[in-house]
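Just below is one structure, and these are the notes that go with it.
Just so we're on the same page: letters track the sequence lines, and every chain starts at 1.
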Amino acid sequence: MAMTPSPNSRASAHDLDLVALAATGERDAFGELVRRHGSAVRGLLRRMGADPALADDLGQDAFLAAFEQIADFRGEGTFQAWVKRIAARLYVRRWRRDSRVDLMADPPEQAPETGSGQAGAADRIDLDEALRSLSPVERMCVSLCYGGGLSHAEAALALNTPLGTVKSHVKRGLDKLRSRMAPSIALAGQHPEDRESAAHG
Amino acid sequence: MADRTFEMELDRLFSESPVLPDAEVFAMRVTERLDRGWTFRRLLIGGLGLAGGLIGAGQILGSGVLTRLDAITAQSNALVRSGVAQLPAARSVTDLLSAGASIDGQILWMSAALAALAVGLFVTRAIREI
């Protein structure tokens, strides 16, 4: 007879072990997985553009769906990446239903922002802030492909949009993010003293 | 900066997400919803089973099985009575055994049926005890 793991052993167990337990109906093991990865999943949904309340709701739905389909998880990627994909697809479905954004249309050109976005050395790399400068469609496409782990083709399928359109939204979004974040990212790899001198000219 | 480097950095930034302050509450809500779902399922399966059982029992009763059972019982009773009436008058078991030649096939079949019934009762009782 299989021994039920104690809460302490659960906390130190590997994700795959917890997944195996959850697949046998152990809800406590699945609860530990939710504790570990809940923030990441909700964080992704917020980055995709969901408000905190919606991110919480869809995050819960995503984990419930994951529990239902847990036998399908083959351990090829991480559990977190798998749930993120489920959550991203749920959000896309909601977004398509609720928003009236024309995915095929080119987003309006936004004036490049200067100031906090063009980070000085003291500014931290703020992905969330940079994502807010993208149009909803660009933000969705970039988040799906980089946060949700979907390929361009999968994103196109989820959004029911031609592949080329998704690619162009991603490219445009990346260009905008690069222009806002590149200085910070370049500085992130430098020695702190070099960063200081770069910050002060 | 090379495109690939920037994309790798973006991947890294997306994979880094701070632990939200209400992570524990969120996990509790998910677990509660899971528990609620399981309770609902148990009730649903139990309710459907009960309803199915009642419908099945209704169908069996409606098909007149009790009447047929009554008729079969009456026939069996009549058979047993006629069998007993045909038994030779015996004052003791030894008389009965000595009159073995007169015991016909019906009595043998009845004895076998009673023995089978007794074995069946014994087995049922034994299974219950286990």
List the atom of B/Val30, the atom of A/Leu64, and the distance in Å for their closest heavy-atom pair. O-CD2, 4.0 Å
What one should report as the nearest heavy-atom pair of A/Phe30 and B/Leu34 is CD2-CD1, 3.6 Å
Side chain, backbone, both or neither of A/Arg47 within contact of chain B (heavy atoms, under 4.5 Å): side chain
Could you measure the distance from the CZ atom of A/Arg35 to the OG1 atom of B/Thr31? Nearest 0.5 Å is fine. 6.0 Å
Whether A/Ser39 side chain and B/Leu20 backbone form a donor-acceptor pair below 3.5 Å: yes
Rounded to the nearest 0.5 Å, the CD atom of B/Glu32 sits from the CZ atom of A/Arg27 at a distance of 12.5 Å
Closest contact, heavy atoms only, A/Gln80 versus B/Ser15: OE1-O, 4.4 Å
If you look at every heavy atom in B/Ser17 and A/Ala40, which pair is closest and at what distance? OG-CA, 3.1 Å
Give a yes or no on whether a salt bridge exists between A/Asp57 and B/Arg29, defined as a side-chain N under 4.0 angstrom from a carboxylate O. no
Carefully, step by step, assess A/Tyr146 and B/Leu13 under the rule side-chain contact (heavy atoms from CB on, under 4.5 Å). CA-CA 9 Å; A/Tyr146 290 88; B/Leu13 289 172; over 6 Å; no
Determine the interplanar angle of the A/Phe63 and B/Phe26 rings, folded into 0 to 90°, and report it as parallel if under 30°, tilted if 30 to 60°, perpendicular if over 60°. perpendicular
Per-residue contact mode, A/Phe67 against chain B (heavy atom under 4.5 angstrom): side chain
Selection from A/Ser143, A/Ala81, A/Gly43 maximising heavy-atom pairs under 4.5 Å formed with chain B: A/Ser143
Do you know the tightest heavy-atom contact between B/Arg33 and A/Asp61? NH2-OD1, 3.0 Å
Bottom line for A/Arg36: the part with an atom under 4.5 Å from chain B's heavy atoms is neither
Does the side chain of A/Val34 come within less than 4.5 Å of B/Met28's, by heavy atoms? no
Please classify the contact of A/Leu131 with chain B as side chain, backbone, both or neither, using a heavy-atom distance under 4.5 Å. side chain
